[in-house]
Amino acid sequence: MPRAFERLPSTVVPKHYDLFIEIDLVKCVFKGQVTADLEVKQPTKRIVLNSQDLKVEEDIKLQLSNGSVIQAAELDTSDNDCETIALVFPSDVPVGNCKVTLKFSGELNDSLRGLYRSKYTSHDTNEERYCAVTQFEACDAHRAFPCWDDPAIKATFDISLSVPKDRVALSNMPIKSEQDLPDGKRLVKFETTPIMSTYLVAMVVGEFDFIEDTTSDGIKVRVYTPVKKQEQGQFALEVAVRVLPYYKDYFKMPYPLPKMDLIAIGSFSAGAMENWGLVTYRETCLLVDPLITSTQRKQWIALIVAHELAHQWFGNLVTMEWWTHLWLNEGYATFAEFLCVANLYPEYDMWTQFVTETWSPALKLDALKNSHPIEVPVGHPLEVDEIFDDISYSKGASVIRMLHKYIGDEDFAKGMNLYFNKYQYGNAATDDLWTTLEEASNKPISSVMSKWTRQMGYPVISVRSEQDGNNRKFYLKQSQYWADGSPGSGESQLWMVPIEFSSAKAPNEVVHEVLFDKSEAEVVIPGISESEWVKLNPGSVGFYRVQYSKEMLQMFKPAVSNLTLPPLDRLGLLGDLFALVQSGQTSTDQALLLVEAMQSEDNCTVWSSMTSVLMKIRMLLQYAEDIHPNFMAFGRRLLSRISSSVSWDPRPDEGHKDKLLRNVILDLLYAFEDEATVTEAHKRFEAHKNGTAPLWSDIRGTVYKTVLRNADAATYETFLKLYRQETLQEEKERILCALAAIKNETLQAEVLKFALTDEVRRQTTLTLLGAIAQSRKGRDLVWNYVTNNWDELHKKYGTPVILSGFISTSFSHYASEEKAVEVEKFFAEHNTSGAERAVQQTVERIRINAAWLQRDLPCIRAFLQNYK
């Protein structure tokens, strides 16, 4: 049995690292030495630090401040469970300051963590080459050099790199000096960093070009791209030079480094990583080609840039004390990205999109029994990978948004300034944030928020009303919402819920608010008649569901149809109702009736929410083949009105949201196999293939999927050729996702084989397999492959974040108890290190689907009889 994980002892801590690494991009190895200035707080014979996958030389000497030297008697490398080594001395190392130098070497492998290699093709010779990249979060700095790899153990760094002369070398700070070496390499030394956590150290060595600009307050910003692709970094550069001053002004705290680099990396496990002063991105999360990049992708890149730059303050300047408080980094940065982009790009209508992109996914995940609190105790750092999910990011952002509304923007910004001033260059826990916001707002923040972060799940607020003279009386009841329909828990599981009300007389105003902290309450609102609708949670700001009485729900129908209910409330109403459908508290036909009433909808984000509902039901009905055609007919009829107003080509006067609406509607028409859409897509693809009329960016995905759905071998080969010719990774991934739409089982198997070749980047392989698994036959194909090749798959693609996403995406749409048992049994017998929670959530979702299908199939069948 492995022993329990222990954090590093606090008896000896580093104050400064002098780090030198020599990188060999041909042999794909590295070697170096690190000299750490240490403070010994208590006499000890053992100095314990982190090291993994490194060969550390055993001749180790400790130099004391008086000049004397102590030779280590032993290098103890036996504790693999905690990924530590111990320097063992013959007698106690005395209290005071000292230095230790460690020499080490390691391999540049393909693991996408630590110091690893990323493959690319040379722009001039077309040969295969490698660059060296770091990815240290959560705790992988000690795979690159021995160190105290704990976010609370901060130090300063002097970093030097020996690199090939013709390669770019980057780190957190600007270059201090460069020197040619006798061995033909170049020594690059960087300025001393601020005091910082090890996981934020960054190094990149490779071939890159860059473009640069300067912010209004003098910070030099560069975007590094693959060679000869500088123009693809232009949009990200424009965003970054606006975002940095925005945060400086909002936080009233300057960005503390002299430069900010953003760099596109070919092989990268996450979307991006907020290393201080050198943010690393997947190419698809940073590069924009004006002719190929879609409106949706461009908007997404703006959000990611804003997210990572928010971390420069929230995470880097002030760092969570331990990974239990990861959400402080990720939840806040997710909220801040929307706050920032909504201000800089108001035409994007970001807060409406927040509800579908962030709020809704968090509610869906947090309704599972296998969810977790925002603040989740973390032991071994391996456990951290399991909480890089929609709870830490999206629920964290959603409760901060709720808090922001509760205390107001002015006091919120004031509280953030207090927080940064108090904890800059140090560490903080969740309660520290609440304390400063409480001080700024004079509201009971700690009391309100503690249950939202320490308690799993959220409430459903049941509401009914009756008239009381000129007043309207509302009866509220809160209980925990569970996706499987389990009854809510009792008094112990309550939340302090800031509840707001709006009404038909003032749809865009809050007419009443209350802090609801009991299981039941009565609320009286004067001046509201029994004939007008009343909406709880206007704007979908509160993190809870609402279950209206039948009478209150019926009153919304006209306001939904004539669009007098605001967009955020239309999609919130649908989301709440559909959640109650899946948990068995109302029937599916009720959701379909509401969707049917929304045929006049014109808002792209509301249509996105409708899409989520329709696609979820469509997935379920893959296991009810007799009525699946009826549902497809229902979808086509539902789309008939909006489809006539959406053009394939851009219009001169259209705005950002018009472009997004086109994308949503064309994708729905594809999904429901609309004949006119199929014909038009084929016509446009032929013109694109022949070079007479290239497809413009926003319709490429729909056209590719539509053409490939019933593709033959020749069409498949055409798309493979397009894939191989393309250099923009976004377009490559667009083609890959379209290949997953193929229905032909023989070709489907070929796509799976292709996904596993070296032609597909490692980080994208499982994304493609997950896309194949969106159809019933594709899901079985992928499941069969997984069960026969799991060990190889896990070893090669087993980065926990990627693996967790793959399992959830691929198998959560099964809908039988038999399959739930099979999936549960298989993963119980195989290694799923870092993805255990994803497995549990997937099995739970399968069981929810099975119960839903069995429960509601008769009512769905009855509803769809009119749509043949």
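Given the structure is predicted, the values throughout are model-derived calculations rather than measurements.
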Would you mind reporting whether [Y] and [X] have side-chain heavy atoms less than 4.5 Å apart?
| X | Y | answer |
| --- | --- | --- |
| Ile617 | Trp852 | yes |
| Phe543 | Ile400 | no |
| Gln841 | Leu365 | yes |
| Thr334 | His307 | yes |
| Phe314 | Met416 | yes |
| Leu553 | Leu573 | yes |
| Phe474 | Met552 | yes |
| His656 | Tyr345 | no |

How far does [atom1] of [X] sit from [atom2] of [Y], to the nearest 0.5 angstrom?
| X | Y | atom1 | atom2 | answer |
| --- | --- | --- | --- | --- |
| Asp576 | Asp569 | CG | CG | 10.0 Å |
| Leu639 | Phe634 | CG | CZ | 9.5 Å |
| Leu668 | Asn663 | CG | CG | 10.0 Å |
| Ser609 | Glu357 | OG | CD | 10.5 Å |
| Cys285 | Glu283 | SG | CD | 10.0 Å |
| Thr358 | Arg401 | OG1 | CZ | 9.0 Å |

>> Working note: Leu660 + Gln299, criterion side chain to side chain contact (heavy atoms under 4.5 Å, CB included); need CA distance, chi angles, decisive distance, verdict.
In response: CA-CA 10 Å; Leu660 295 182; Gln299 174 187 284; 3.6 Å; yes

If I compare all heavy atoms of [X] with all of [Y], which pair ends up nearest, and what's the gap?
| X | Y | result |
| --- | --- | --- |
| Ile627 | Leu864 | O-CD1, 4.1 Å |
| Pro538 | Val510 | CG-CG2, 4.5 Å |
| Trp359 | Ser398 | CA-OG, 3.4 Å |
| Ala342 | Trp351 | CB-NE1, 3.7 Å |
| Val703 | Ala681 | CG1-O, 3.5 Å |
| Pro694 | His688 | CA-ND1, 3.4 Å |

> When the ring planes of Tyr548 and Phe556 are compared, do they come out parallel, tilted or perpendicular, using 30° and 60° as the limits?
Replying inline: perpendicular

Between [X] and [Y], is there a side-chain N and carboxylate O pair less than 4.0 Å apart?
| X | Y | answer |
| --- | --- | --- |
| Asp390 | Lys364 | no |
| Arg700 | Glu731 | yes |
| Glu238 | Arg242 | no |
| Arg297 | Asp289 | no |
| Glu532 | Arg472 | no |

>> Checking Phe412 against Phe335 for the ring-ring contact (aromatic ring centres under 6.0 Å, His included) test, could you report, in this order, the C-alpha distance in whole Å, the side-chain angles of both residues, the deciding distance, and whether it holds?
In response: CA-CA 12 Å; Phe412 185 86; Phe335 167 79; 5.6 Å; yes

Within the 3.5 Å criterion, strictly below it, is a donor on [X] or [Y] matched to an acceptor on the partner's side chain?
| X | Y | value |
| --- | --- | --- |
| Asp409 | Tyr250 | yes |
| Asp366 | Ser371 | yes |
| Gln296 | Ser294 | no |
| Glu330 | Ser392 | no |

Taking [Y]'s backbone N and O only, do any of them form a donor-acceptor pair with [X]'s side chain (distance below 3.5 Å, no angle check)?
| X | Y | result |
| --- | --- | --- |
| Asn849 | Ser812 | yes |
| Ser640 | Arg637 | yes |
| Asp698 | Thr295 | yes |
| Lys405 | Pro498 | no |
| Tyr458 | Leu363 | yes |
| Gln353 | Tyr348 | yes |
| Gln599 | Glu596 | yes |
| Glu601 | Asn603 | yes |
| Arg709 | Ala741 | no |
| Trp648 | Leu666 | no |

> Does NZ or CZ of Arg464 fall inside the cone over Tyr475's six-membered ring, less than 6.0 Å from its centre and within 45° of the axis?
Replying inline: yes

>> When you measure from the centre of the six-membered ring of Phe578, is the NZ or CZ of Lys616 closer than 6.0 Å and no more than 45° off the axis?
In response: no

>> Under the side chain to side chain contact (heavy atoms under 4.5 Å, CB included) test against Ile499, which residue among Leu515, Asn537, Leu476 passes?
In response: Leu476

>> Using side chain to side chain contact (heavy atoms under 4.5 Å, CB included), reason through Thr352 and Leu571 one step at a time and then give a plain yes or no.
In response: CA-CA 9 Å; Thr352 304; Leu571 65 87; 4.2 Å; yes

> Are Tyr544 and Phe516 close enough that their ring centres sit under 6.0 Å apart?
Replying inline: no

> Can you check side chain to side chain contact (heavy atoms under 4.5 Å, CB included) on Leu303 and Met350, steps first, answer last?
Replying inline: CA-CA 10 Å; Leu303 287 171; Met350 288 316 309; 3.7 Å; yes

> More than 12 foreign heavy atoms under 6.0 Å from NZ of Lys557: is that the case here?
Replying inline: yes

> Does CD in Glu675 sit with more than 12 non-hydrogen atoms of other residues, nucleotides or ligands closer than 6.0 Å?
Replying inline: no

>> Between Val305 and Leu286, does the side chain to side chain contact (heavy atoms under 4.5 Å, CB included) criterion hold? Intermediate values first, please.
In response: CA-CA 8 Å; Val305 170; Leu286 191 69; 4.3 Å; yes

> Of Thr702, Thr706, Asp649, which is the lone residue that meets side-chain hydrogen bond (donor to acceptor under 3.5 Å, both in side chains) with Arg684?
Replying inline: Asp649

